[in-house]
Amino acid sequence: MWRQPYFIFGFFILSFFLAGSFVYEWVWGDVPAQTHYLMEDGRAVEAAPISPNWQHPLGTDQYGYDLLGKLMLGAKYTILAALAVAAVRMAIAVPIGYLFGTYFDKQRKWMSSFADSMHYIPLTLFAAYVLTPLLWMPENGFSSTLSERISVQVIIMALLTVPIVSVLVANEAALLRDKEYILAAKTLGAGRFRIIRKHLYPQMREKIAVLYGQQVMETFIILAHLGLLDLFLGGTKVSYDPMFGDPPMSISYEWAGLFGSSFRYLQSAPWLPLAPVICIGLAIFSVSLMMEGYLRSKNPKIKKVRRQPQEDPVVEWNREQLREKMVRLKNENQPK
Amino acid sequence: MDDKIKKRENFPKGVKGLKFLTNFCIAITGIILAGSLPILIRGWVEGEWRWRLYVESIRETLEGLWPIGEIAFLNYRAGQEMPLFPNIFAYIVYSLEILFLALLVAIITSLTFTIVTMLLSDNIRERVKMRLYFLESVPDLLIIMLAQLSVIFFFKETGVLISKIAVAGDDRIYWLPVLCLAVLPTIQLYRLSMLTFQEEERQMYVELAHALGFSKVYIVLIHMFRNAIISVFFQSKRTMWFMLSNLFVLELMFNLPGIMLFLRGNMHPLGFLVTIFSFFLPMFILYSFGEWFFVSRRQNKAVA
């Protein structure tokens, strides 16, 4: 796995963001640098949002905060949340899938047509609909802490597609269960649990890993979509001030929030919404690189060896050599 | 697409019809149960179980559904209540138009790409495949924003507005949203159909056809296409699901007068139910019909 360039490259991108995020907070604190005006020869040349320059490689937002700093600070929330959502989802869905694949095979049909109905509910819409009561700040402020909200959000987002994922696992397990070696194991007296542990799980480990990768990618997308709806990871700060109400704001600097609160600036300050989305894209890209690398390490590509028809060595004989050879053959074959 | 839906009328009754009906009922129950979920969650956040409120809300929703003509929703564009028929229905139709147009575009382009790549040599095929695989990780939001920015850029440079990038009032724009919506599903479907086609290529009958001297184009187009398309269809449901989320974002970003945007102003169980049903019905019918069509054809072949 660690020899695959794809895997290493993807891992490098992802760990760069994560490590960078913690290092940034450690070195510069959790408030990014703020610049209100850009001065040049004693005159203000540009007010916030400042476009990208040497001092601020990605420019600043409408309040003068450095965008790169915000992105780095937010990276850990977004990436860890996506990894956690997918992990919780798999942790719940895989055992359920095995249960339905082995113990409750008759109920599997019901389960799968129930999960089928989930395919008609757009996931973003569903997530937004369910999470609104949790994330939208009530008028008198949140009653829960940030970490509480994040963990509840992670669990809810994980639960949303548990039926679909577990049906996938169940179907896969049921397919494997009908194989002959499992029948043989059963005949030898292996219990169902042993079959799951010793036969089904090792067989499906790769598929489960790929499924995990897909779930992480999907979660990134859903987080970004939720950002567009002003539902940010860990809650949305809403200003109920009727006169000078700020737009809804993200409490942590996570990427979805950075994007969601700035996509109205697409025309005037395109770097504001573009940078977080590109970061999300990079994160997804690195996950897909890691998946590809993992798969390649598990089943190394069988190099297609063009099997050329073995050419018979053409030997030019001259007449004398031929006679010699034939004489020798004749002598050899003769019984003594 | 439309005549496919109409043909469903002659759906044979009997065992298949029964299965269709059960699936339909389970799906509807699932959606209704999901519709009142926020009540449970809100209770959960505050530390109590609100099962009774949950059941109550489901009952209220179902009761609110009955005289279907009287359902009215707040339309925040117009700032007033609007009846479901015909006003909201027009939104639904517009959303569905965009969705199915994009689906059609995605299917046609991805299949064309697949067939073209299948005809290429192995080396080039691998390279093309890898590039497109990684394109899949581009978020849909980025595609939409880049499309909008490039339209603006083009306008600034040449003064020609290719397409409107946002809708004011009840205007309709088609081709740019359809294009944006179709990009990612195209790549996904391409990946899916490449897998199926390559699996199909290893089958014996392809080798036989080669041996009989049929050309590669003919084998791919006639023989492999027919077999591969069935499994592509069965696996395309996930793509469809993904497209629905994309459509939602698309309507927000382009400010399209569609059903998703309208739901944003009506985040309550009844609004949720009506919105989901508007997608659920056509898609469910399409998929059930497709399933029936392909399965029965396969069976006919097996018998004959």
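In what follows, chains carry the letters A, B, and so on, assigned in the order in which the sequence lines appear, proteins first and then strands, with residues in each chain numbered from 1.
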Choice from [options] maximising heavy atom contacts with chain B below 4.5 Å:
options                                : result
A:Val152, A:Leu125, A:Ile284           : A:Leu125
A:Leu229, A:Val130, A:Leu131, A:Ile222 : A:Leu229
A:Leu289, A:Ile278, A:Val287           : A:Leu289

Measure distances from [X] to the heavy atoms of chain B and classify the residue's part below 4.5 Å as side chain, backbone, both or neither.
X        : value
A:Leu282 : neither
A:Ile221 : side chain
A:Pro273 : both
A:Ile156 : side chain
A:Glu218 : side chain
A:Phe259 : side chain

Does any backbone or side-chain atom of [X] lie under 4.5 Å from a heavy atom of chain A? Answer side chain, backbone, both or neither.
X        : answer
B:Phe248 : side chain
B:Thr29  : neither
B:Leu142 : both
B:Gln148 : side chain

Can a donor-acceptor pair be found, under 3.5 Å and without considering hydrogens, that links the side chain of [X] to the backbone of [Y]?
X        : Y        : value
B:Thr239 : B:Pro185 : no
A:Gln4   : A:Tyr6   : no
A:Ser151 : A:Glu148 : yes
B:Tyr54  : B:Leu33  : yes
A:Tyr212 : A:Leu83  : yes

Test item: side-chain donor near acceptor, A:Ser288 and B:Glu136, under 3.5 Å: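 On atom types as modelled, these side chains do not qualify, holding no pair under 3.5 Å.
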
Flag for B:Ser278-B:Tyr91: side-chain donor and acceptor within less than 3.5 Å: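 Looking only at side-chain atoms, B:Ser278 and B:Tyr91 do not form any donor-acceptor pair under 3.5 Å.
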
A:Phe11 atom CZ, over 12 foreign heavy atoms within 6.0 Å: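 Counting neighbours around CZ of A:Phe11, 12 or fewer heavy atoms of other residues, nucleotides or ligands fall under 6.0 Å, so no.
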
Largest heavy-atom contact set with chain A, pairs under 4.5 Å, which of B:Phe279, B:Phe24, B:Phe272: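 The answer is B:Phe272.
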
Max heavy-atom pair count under 4.5 Å with chain A, selected residue of B:Ile152, B:Val138, B:Ile28, B:Asn246: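 Among the listed options, the one with the most contacts to chain A is B:Ile152.
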
Residues A:Glu206 and A:Arg296 bridged, charged N to O under 4.0 Å: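 Not counted as a salt bridge, because no side-chain N and carboxylate O are separated by less than 4.0 Å.
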
Shortest non-hydrogen contact from A:Phe232 toward A:Gly227: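 Residues A:Phe232 and A:Gly227, closest heavy atoms: CE2-O, 3.2 Å.
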
